[in-house]
Amino acid sequence: MNRKKLQKLTDTLAKNCKHFNKFEVNCLIKLFYSLVGAVERQGLVIGLDRNAFRNILHVTFGMTDDMIMDRVFRGFDKDNDGCVNVLEWIHGLSLFLRGSLEEKMKYCFEVFDLNGDGFISKEEMFHMLKNSLLKQPSEEDPDEGIKDLVEITLKKMDHDHDGKLSFADYELAVREETLLLEAFGPCLPDPKSQMEFEAQVFKDPNEFNDM
């Protein structure tokens, strides 16, 4: 991508991005194209497909849960075309790395609401917890333990006692206890990998002044 094009793209994206400044947007665009391989293939969507994206989540942010990584990919891939384009990359990372509590709650809830019906059901909780908890070989029936955990979680978070979590339930619970934000699996970067990522990507602002 030539300098002019890059600058134009940076300007456009920086305008609509509330958590990154122009320099940071520029760094993230460059990173995006280096990850994609910077090939502008005619007529093909330029972007990170599911595997490339999951690889980044795994290597850079230490995520290991397949189901959660898949959901995070879907959260980034707003137009559901099977790959994350540069716009989705910047907007996704803006929330992923620096979103407000409100934005993160909405994002996590969407990740956990597997069938997209606006509720996190007992079945969905069970699936995610079963997936993200390490299997203890000593346990007779690990499923029983997970069912108990689902009941405990519901007791704590299901304010209107309808046996499932609406966004309102989830929001109330998280505002009371922020640790519940990722109650059903780690779908945000931990502070350490976030800091390392930013330190690595956002370096040398002087280089930006040459543009």
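Note that the structure is predicted; figures quoted are calculated from it, not measured.
Expressed to the nearest 0.5 Å, how far CG of Leu101 lies from CZ of Arg175 amounts to 5.5 Å. Atom CG of Leu9 sits about 4.0 Å away from atom CD1 of Ile29, to the nearest 0.5 Å. The CZ atom of Arg50 sits 5.5 Å away from atom CZ of Arg74, with the distance rounded to the nearest 0.5 Å. Between the CG atom in Leu48 and the CG atom in Leu35 there is a gap of 6.0 Å [rounded to 0.5 Å]. Here the SG-CD distance, from Cys27 to Glu198, works out to 10.5 Å after rounding to the nearest 0.5 Å. Residue Thr153 holds its OG1 atom at 12.5 Å from CZ of Phe126, rounded to the nearest 0.5 Å.
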Take Leu28 and Leu93 through the test side chain to side chain contact (heavy atoms under 4.5 Å, CB included) and record every step on the way to the result.
CA-CA 9 Å; Leu28 288 169; Leu93 282 176; 3.7 Å; yes
Evaluate side chain to side chain contact (heavy atoms under 4.5 Å, CB included) for Met157 paired with Leu172, printing each intermediate quantity in order.
CA-CA 8 Å; Met157 297 176 83; Leu172 262 171; over 6 Å; no
Under the criterion side-chain hydrogen bond (donor to acceptor under 3.5 Å, both in side chains), I'd like the reasoning laid out for Glu103 against Ser100: C-alpha separation, chi angles, the key distance, then a yes or no.
CA-CA 5 Å; Glu103 289 170 317; Ser100 62; 3.3 Å; yes
Could you walk me through whether Asp143 and Lys130 pass the side chain to side chain contact (heavy atoms under 4.5 Å, CB included) test, one step at a time?
CA-CA 7 Å; Asp143 286 6; Lys130 184 174 181 167; 3.3 Å; yes
Does the side chain to side chain contact (heavy atoms under 4.5 Å, CB included) test come out yes or no for Asp169 and Asp162, once each step is laid out?
CA-CA 10 Å; Asp169 289 332; Asp162 61 354; 4.2 Å; yes
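Using modelled atom types and a 3.5 Å distance limit, the side chains of Thr10 and Gln7 yield no donor-acceptor pair.
A donor-acceptor pair is defined here as one N or O able to donate and one able to accept, closer than 3.5 Å; no such pair exists between the side chain of Ser94 and the backbone of Ile90. The backbone N or O of Asp117 lies less than 3.5 Å from a partner atom in the side chain of Asp113, making a donor-acceptor pair. For the pair Ser193 (side chain) and Asp190 (backbone), a donor-acceptor distance under 3.5 Å is present. Distance alone, capped at 3.5 Å, is enough to place a donor-acceptor pair between the Glu182 side chain and the Leu188 backbone. Side-chain N or O atoms of Asp158 include one that pairs as donor or acceptor with a backbone N or O of Gly163 at under 3.5 Å. Side-chain N or O atoms of Glu88 include one that pairs as donor or acceptor with a backbone N or O of Asp79 at under 3.5 Å. Remark: side-chain polar atoms of Glu110 are not paired, donor with acceptor, to backbone N or O of Tyr107 under 3.5 angstrom.
Across all their heavy atoms, Cys83 and Gly47 have their closest contact at SG-CA, 3.9 Å. Nearest approach of Met63 to Pro189, heavy atoms of both residues: CE-N, 4.5 Å. Minimum interatomic distance between Val111 and Arg71 (heavy atoms only, all atoms of both residues): O-NE, 2.9 Å. Scanning both residues, Val25 and Phe20, for their nearest heavy atoms gives CG2-CB, 3.8 Å. In plain terms, the two heavy atoms of Leu6 and Lys30 that are nearest each other are CD2-CE, 3.7 Å. In terms of heavy atoms, Gln194 sits closest to Leu97 at NE2-O, 2.6 Å.
Identified under the ring pair (Phe, Tyr, Trp, His ring centres under 6.0 Å) test for residues 144-169, with sequence neighbours left out: Phe109-Phe167.
The aromatic rings of Trp89 and Phe32 are tilted relative to each other, their planes meeting at an angle between 30° and 60°. Note on ring orientation: taking the six-membered ring where Trp is involved, the planes of Phe112 and Phe184 are perpendicular (angle over 60°, cut-offs 30° and 60°).
By the 4.0 Å N-to-carboxylate-O rule, Glu24 lies close enough to Arg98 to be salt-bridged with it. A salt bridge is defined here as a Lys NZ or Arg NE, NH1 or NH2 lying under 4.0 Å from an Asp or Glu carboxylate O, and Lys106 with Glu102 fails to meet this definition. Taking 4.0 Å as the cut-off between side-chain N and carboxylate O, Lys156 and Glu151 do not count as a salt-bridged pair. Under a 4.0 Å N-O distance rule, the pair Lys164/Glu124 does not qualify as a salt bridge.
Using a 4.5 Å heavy-atom threshold, the side chains of Phe53 and Asp77 count as separate. Inter-residue side-chain proximity for Leu114 and Met67 is flagged as met; some heavy-atom pair is nearer than 4.5 Å. The side-chain heavy atoms of Leu181 and Tyr170, taken from C-beta on, include a pair separated by under 4.5 Å. Counting heavy atoms from C-beta on, the side chains of Val84 and Phe73 come closer than 4.5 Å. In this structure, the side chains of Asp65 and Met128 stay at 4.5 Å or more apart for every pair of heavy atoms.
Within a 6.0 Å radius of NE2 in His19, other residues, nucleotides and ligands contribute more than 12 heavy atoms.
A continuous path of Ile, Leu, Val, Met, Phe, Trp and Tyr side chains, each step under 4.5 Å between heavy atoms, connects Val201 with Leu57, placing both in one hydrophobic cluster. Residue Met125 is not grouped with residue Phe119 when hydrophobic side chains (ILVMFWY) are merged at heavy-atom distances under 4.5 angstrom, including chains of intermediate members.
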